[in-house]
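In this text, all values refer to a predicted model and were calculated from it rather than measured experimentally. Numbering starts at 1 and runs along the sequence shown.
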Amino acid sequence: MLQEPISILKGVGKATAEALNELGIFTMEDVLFTFPTRHEDFRLKDLTLTDHNERVTVEGRVESDPTILFMGKKSRLQVKVLTGRHLIKAVFFNQPYLKSKFVPGEIVTISGKWDKGRQVIQASAHQLGPRTDAHDFEPVYSLKGRVTQKVFRRILTQVFEQTKDEWVDPLPESVRDSYRLPGLFQALQAIHFPEDADSTKNARRRFVYEELLQFQLKMQALKKLRKEANVGRAVDYDQLLITSFVSSLPYQLTGAQQRAVTEILNDLRAPYQMNRLLQGDVGSGKTVVAAITLIAGYSAGLQGAIMAPTEILAEQHANAFFEWFTPLGIQVALLTGSTKAKARRQILEGLQNGEIDVVIGTHALIQPDVQFHNLGVVVTDEQHRFGVEQRRVLKQKGLEPDVLFMTATPIPRTLAITAFGEMDVTVVDEMPAGRKPIETYWMKEQQLPALLSRLKKELLAGRQAYVICPLIEESDKLDLQNVLDIFHQLQHYYEPAFKVELMHGKLPSDEKDAVMRRFSENESQILVSTTVVEVGVNIPNATFMMIFDAERFGLAQLHQLRGRVGRGDHQSYCVLIADPKTEVGKERMTSMTETTDGFALAEKDLELRGPGDFFGRKQSGMPEFKIADLVHDYRALQTAREDAERLVDSSYFWNSEEWQPYREALEKSGILDGHRID
């Protein structure tokens with residue numbers, strides 16, 4: 001009966017069935033597993049013990065005739081209520097018909113948000129007379145159209161009664177006992193028909209864990225299948241050469257770098273293809289980890305390649321690798337779209353005959369005529385900047401090469417585990433010793449004259465500056481500073497003493513490269529730009545960053561922009577010019593001034609904006625969860641991932657009766673695609 005359509009239910013006509021279908025509810029089972037988004041707490045509270053803006057339910061006596069204020073089509077009804085020792089006002093918006101309901105001297109129960117300072121409840125629900133409803137906790141569902149809370153609860157009650165005898169709990173008893181989770185019947189009853197907060201909380205814990213476990217079983221099965229399909233090779237690297245290189249560095253590796261190196265070397269030694277994401281904040285030292293990865297491959301007789309999204313970034317990598325690798329006898333080449341024809345032919349020949357050990361380049365590396373002698377290790381920098389197809393083409397130029405993806409975009413732990421669930425993820429979350437934190441300030445536009453004067457001091461000291469704006473041209477829709485206006489203003493203020501240049505997304509690629517090159521060689525001192533400023537570009541002399549309309553950016557993007565400075569020995573500064581109108585906007589600006597930890601900011605950004613908006617909802621690839629919340633359920637996600645990893649690697653999971661429902665779900669999802677894992 002669970003798979004029967006909802007249309008067979010009493011009182012569900014064609015229109016209601018269609019409205020339910022729009023919510024993704026087609027069967028009886030869908031009704032049961034449509035979970036409430038929250039539970040309203042209707043327990044009576046003492047206002048003396050209630051915090052400002054807290055939701056509250058109070059019982060009291062009506063002390064005045066209601067008054068109504070009309071504002072066009074909108075209205076505001078207000079009535080005085082005596083509850084305990086508090087004479088408060090209850091305010092109802094756009095419900096003028098309630099005026100006749102409130103009679104002085106009668107008892108009323110009101111729920112809503114408590115404004116402690118004004119002694120006002122902004123009411124969202126009321127009940128005439130004393131509180132008689134036995135349910136202190138009431139589920140609230142995400143519904144729309146003709147499917148109201150009342151309609152859905154009526155349907156839910158009907159489904160619950162008609163199907164409860166055929167429920168089979170898919171979660172093994174051993175797991176439920178281990179985590180003290182309720183059975184399916186108790187959990188569904190507690191979440192839909194709650195009696196107290198604790199049972200509801202436990203029911204939610206059960207469904208969150210179960211949902212995340214099912215998701216992680218898919219991810220871990222996919223990872224296992226890929227490892228078994230991509231047999232790869234065990235890389236027999238020379239540990240002495242790696243130790244010698246690390247010892248020759250003028251600094252010690254951080255603990256996070258050492259951990260990353262250990263995980264990568266373990267991958268290389270294993271007889272399957274490495275598929276690892278290395279994520280670390282700007283300046284955390286990912287490049288030297290990539291270098292050690294390439295040295296390990298070289299010592300085993302394998303060629304290496306590192307692909308960067310822009311020529312200037314590829315050149316910067318090449319400079320570092322030439323310096324590191326030449327003393328080791330490793331032959332390095334740089335291949336970009338700007339490489340001259342003669343040099344290109346020599347590089348192609350060297351790659352094909354094995355004379356070149358490591359090549360650094362842009363998408364030029366994936367051209368059809370680029371052939372390798374024995375490509376074994378591939379590093380892709382800022383991997384999200386390349387399409388899946390581009391990354392796949394480079395991988396195919398070797399025989400099952402080990403692949404390391406790098407990104408300087410701090411991704412919250414929950415999103416890394418979720419969006420990159422089929423990859424192994426390594427986080428470099430420690431900064432090298434001695435690096436000076438970037439001083440960050442939040443200012444209003446009225447303070448611009450003082451700011452320009454402060455910037456002039458930096459320029460006179462021989463430093464350079466970035467100035468970031470959100471738009472290229474005037475927009476009627478948004479009152480934002482635009483990059484052209486700012487460019488002309490700064491030209492007028494600073495030239496001819498200091499050269500001001502302009503960069504934005506509408507410039508042709510070669511012009512953008514030329515502008516960045518002039519800035520990197522200090523031929524220009526101020527770069528006015530939109531957010532196209534290249535990720536990873538290393539200009540140690542740039543010490544000042546101004547960001548106009550900073551409230552328009554997410555925390556992750558602001559942090560990325562701030563990371564363009566602070567790369568040299570001099571103290572660097574970032575100034576956010578913003579006048580946010582919302583509390584969230586103000587909180588974002590404050591967070592930026594309080595920490596330079598990209599991962600802490602990424603977590604905060606996730607908390608403020610949600611997972612869909614973190615990556616951009618359309619391209620995020622984030623799964624939609626029915627009940628799990630990636631911001632607050634991180635521990636459950638971590639536990640589910642560890643459990644799924646262990647289960648997928650065990651023969652018991654693939655053969656036992658108690659895990660059969662989950663195996664069937666995997667087969668149904670198409671993840672296994674006819675393969676059998678034992």
Side-chain angles (χ1 to χ4, degrees), residues 312 438-460 463-520 522-535 537 539 541-565 572-582 585-586 588-589 592-593:
I312 193 162
I438 301 163
E439 291 182 16
T440 305
Y441 302 95
W442 167 23
M443 301 174 78
K444 302 283 178 71
E445 203 177 327
Q446 300 90 289
Q447 299 168 279
L448 192 56
L451 183 56
L452 295 180
S453 176
R454 176 67 189 81
L455 171 54
K456 194 171 185 179
K457 286 183 182 177
E458 284 294 298
L459 298 173
L460 286 168
R463 308 282 88 79
Q464 291 166 272
Y466 292 96
V467 178
I468 306 296
C469 310
L471 288 184
I472 299 174
E473 294 163 351
E474 282 287 359
S475 165
D476 295 331
K477 294 179 182 176
L478 296 172
D479 178 25
L480 302 182
Q481 289 288 350
N482 69 74
V483 71
L484 295 172
D485 275 356
I486 296 293
F487 171 63
H488 293 310
Q489 285 177 35
L490 296 183
Q491 267 190 320
H492 178 73
Y493 191 92
Y494 290 110
E495 288 190 348
F498 305 104
K499 175 74 174 164
V500 184
E501 286 232 55
L502 173 68
M503 188 163 81
H504 54 75
K506 289 187 178 177
L507 285 179
S509 293
D510 55 346
E511 278 190 52
K512 275 194 276 193
D513 285 344
V515 169
M516 274 318 294
R517 193 161 277 107
R518 286 194 293 273
F519 188 61
S520 68
N522 203 3
E523 291 175 22
S524 59
Q525 286 70 50
I526 299 175
L527 181 62
V528 181
S529 175
T530 55
T531 55
V532 297
V533 171
E534 302 299 352
V535 171
V537 171
I539 300 174
N541 195 47
T543 58
F544 207 89
M545 164 73 68
M546 286 167 58
I547 304 175
F548 281 88
D549 297 305
E551 72 271 24
R552 300 285 178 176
F553 300 98
L555 284 175
Q557 194 171 26
L558 286 173
H559 181 66
Q560 280 288 302
L561 291 168
R562 175 168 60 183
R564 301 306 105 232
V565 298
S572 289
Y573 308 90
C574 176
V575 182
L576 310 168
I577 302 168
D579 189 12
K581 303 292 187 247
T582 65
K586 291 171 186 171
R588 294 217 319 265
M589 295 306 103
M592 281 294 295
T593 62

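With Met546 as the fixed residue, the side chain to side chain contact (heavy atoms under 4.5 Å, CB included) test singles out one of Leu490, Leu452, Ile526: Leu452.
Interatomic distance, Phe553 CZ to His559 NE2, rounded to the nearest 0.5 Å: 15.5 Å. One finds the CZ atom of Arg552 at 13.0 Å from the CG atom of Leu558 (value rounded to the nearest 0.5 Å). Rounding to the nearest 0.5 angstrom, the gap separating the CD1 atom in Ile539 from the CZ atom in Arg463 is 13.5 Å. Remark: Asp513 CG to Ser520 OG distance equals 10.0 Å, nearest 0.5 Å.
Looking at Gln525, its side chain does come within 3.5 Å of a backbone N or O of Lys499 through a donor-acceptor pair. Looking at Arg562, its side chain never comes within 3.5 Å of a backbone N or O of Thr440 through a donor-acceptor pair. At distances below 3.5 Å, not a single donor-acceptor pair connects side-chain atoms of Glu445 with backbone N or O atoms of Ala578. The backbone N or O of Lys586 sits nowhere less than 3.5 Å from a side-chain atom of Glu551 that would complete a donor-acceptor pair. Panel note: side chain Glu511, backbone Pro508; no donor-acceptor pair is recorded below 3.5 Å.
Relative to the six-membered ring of Tyr441, Arg454 misses at least one condition, a distance below 6.0 Å or an angle of at most 45° to the axis.
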Checklist entry - Should Ile547 and Ile577 be marked as a side chain to side chain contact (heavy atoms under 4.5 Å, CB included) after you check the CA-CA gap, both sets of side-chain angles, and the distance that decides it? => result CA-CA 6 Å; Ile547 304 175; Ile577 302 168; over 6 Å; no
Next on the checklist: Between Asp579 and Lys581, does the salt bridge (charged side-chain N to carboxylate O under 4.0 Å, His left out) criterion hold? Intermediate values first, please.
Outcome noted: CA-CA 6 Å; Asp579 189 12; Lys581 303 292 187 247; 3.0 Å; yes
Next on the checklist: Between Leu502 and Val515, does the side chain to side chain contact (heavy atoms under 4.5 Å, CB included) criterion hold? Intermediate values first, please.
Outcome noted: CA-CA 8 Å; Leu502 173 68; Val515 169; over 6 Å; no
Checklist entry - So Glu501 and Val528, side chain to side chain contact (heavy atoms under 4.5 Å, CB included) or not? Walk me through it. => result CA-CA 6 Å; Glu501 286 232 55; Val528 181; over 6 Å; no
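Pairing each heavy atom of Met503 with each of Lys512, the nearest pair is SD-O, 3.7 Å. Between Leu460 and Phe498 the shortest heavy-atom distance is CD2-CZ, 3.8 Å. Listed here is the closest heavy atom pair of Ala550 and Leu576: CB-CB, 3.8 Å. Between Ala542 and Ser572, the shortest heavy-atom contact is O-OG, 4.0 Å.
Counting heavy atoms from C-beta on, the side chains of Leu451 and Phe544 come closer than 4.5 Å. At least one side-chain heavy atom of Leu507 sits under 4.5 Å from a side-chain heavy atom of His504. Tyr466 places none of its side-chain heavy atoms less than 4.5 Å from the side chain of Ser529. Residues Met545 and Val575 fail the side-chain proximity criterion, which asks for heavy atoms closer than 4.5 Å. Put simply, the side chain of Asp549 does not reach to within 4.5 Å of the side chain of Cys469, judged on heavy atoms. Residues Ile438 and Val565 are in side-chain contact: their nearest non-hydrogen atoms beyond the backbone lie under 4.5 Å apart. Here the side chains of Ile486 and Val467 are in contact, with some heavy-atom distance below 4.5 Å. Between Gln464 and Phe519, the closest side-chain pair of non-hydrogen atoms falls below 4.5 Å.
A donor atom on one side chain and an acceptor atom on the other are not found under 3.5 Å apart for Gln491 and Tyr493.
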